Amino acid sequence: VQLQASGGGLVQAGGSLRLSCAASARTFRYAMYAVGWFRQAPGKEREFVAASGRSGGGTIYRDSVRGRFTISRDNAKNTVYLQMNSLKPEDTAVYYCAAGSSVITSERMNPSAYSYWGQGTLVTVSS
């Protein structure tokens with residue numbers, strides 16, 4: 001199973017982007033998986049951004065993005081999204097989507113809990 005992340009790009013501070021993460025396998029159903037978004041800035045470790053449970057509920061966010069980012073999914077399209085508004089230069093990073101079938105609530109912020117990863121999409125926010 002491959003997850004294909006897209007939607008990154010260059011945007012000015014205050015702008016918006018929507019990232020998408022589509023699954024390549026027709027037998028893969030996001031409805032059966034917890035999903036998460038993580039990011040990694042140059043020279044820094046990968047960090048948690050947002051996650052939701054199998055049903056799409058139980059969403060959690062990194063403090064610095066809460067109120068600006070929204071994680072959602074379209075099960076019919078088998079795609080997960082990250083809507084990013086009011087972007088800041090410190091949001092600049094490569095963003096990765098991830099999915100896991102056995103991610104317990106307390107582990108949703110832990111990248112090791114996820115089995116499947118997208119290849120990453122670069123988001124650059126200029127000041």
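Values in this document were obtained by computation on a predicted structure and should not be read as measured data. Sequence positions, counted from 1, serve as the residue numbers for this chain.
- Ile60 and Val49 are assigned to two separate hydrophobic clusters, defined by single-linkage of ILVMFWY side chains at heavy-atom distances under 4.5 Å.
- Transitive grouping of hydrophobic side chains (ILVMFWY, heavy atoms separated by less than 4.5 Å) keeps Tyr33 and Tyr114 in distinct clusters.
- Rounded to the nearest 0.5 Å, atoms OG (Ser127) and CD (Gln12) are 9.5 Å apart.
- Thr79 contributes atom OG1, which lies 11.0 Å from atom CZ of Arg73 (distance to the nearest 0.5 angstrom).
- Between Arg66 and Asp63 there is a salt bridge, since at least one side-chain N of the basic residue sits less than 4.0 Å from a carboxylate O of the acidic one.
- Using a 4.5 Å heavy-atom threshold, the side chains of Asp91 and Arg68 count as touching.
- Using the six-membered ring where Trp is involved, Tyr95 and Phe69 have ring planes that are tilted, between 30° and 60° apart.
- Taking CG from Leu17 and CG from Leu19, the interatomic distance works out to 6.5 Å, rounded to the nearest 0.5 Å.
- Criterion: ILVMFWY side-chain heavy atoms under 4.5 Å apart, direct or through other members. Under it, Val94 and Met84 are not part of a common hydrophobic cluster.
- Aromatic ring pairs are classed by plane angle as parallel below 30°, tilted from 30° to 60° and perpendicular above 60°; the pair Phe38 and Phe48 is perpendicular.
- Hydrophobic clustering (side-chain heavy atoms under 4.5 Å, transitive across Ile, Leu, Val, Met, Phe, Trp, Tyr) keeps Tyr81 apart from Val123.
- The closest side-chain heavy-atom distance from Ser16 to Gln83 is below 4.5 Å.
- Taken to the nearest 0.5 Å, the CD atom of Gln40 stands 9.0 Å off from the CD atom of Glu47.
- Between Gln4 atom CD and Ser20 atom OG the span is 11.0 Å, to the nearest 0.5 Å.
- With a 4.5 Å cut-off on side-chain heavy atoms, Tyr61 and Thr70 count as touching.
- Side-chain contact check for Cys21 versus Tyr30: some heavy-atom pair is nearer than 4.5 Å.
- Here OG1 of Thr92 is found 8.5 Å from CG of Leu87. Values are rounded to the nearest 0.5 Å.
- Looking only at side-chain heavy atoms (C-beta outward), Ile71 and Ser52 come within less than 4.5 Å of each other.
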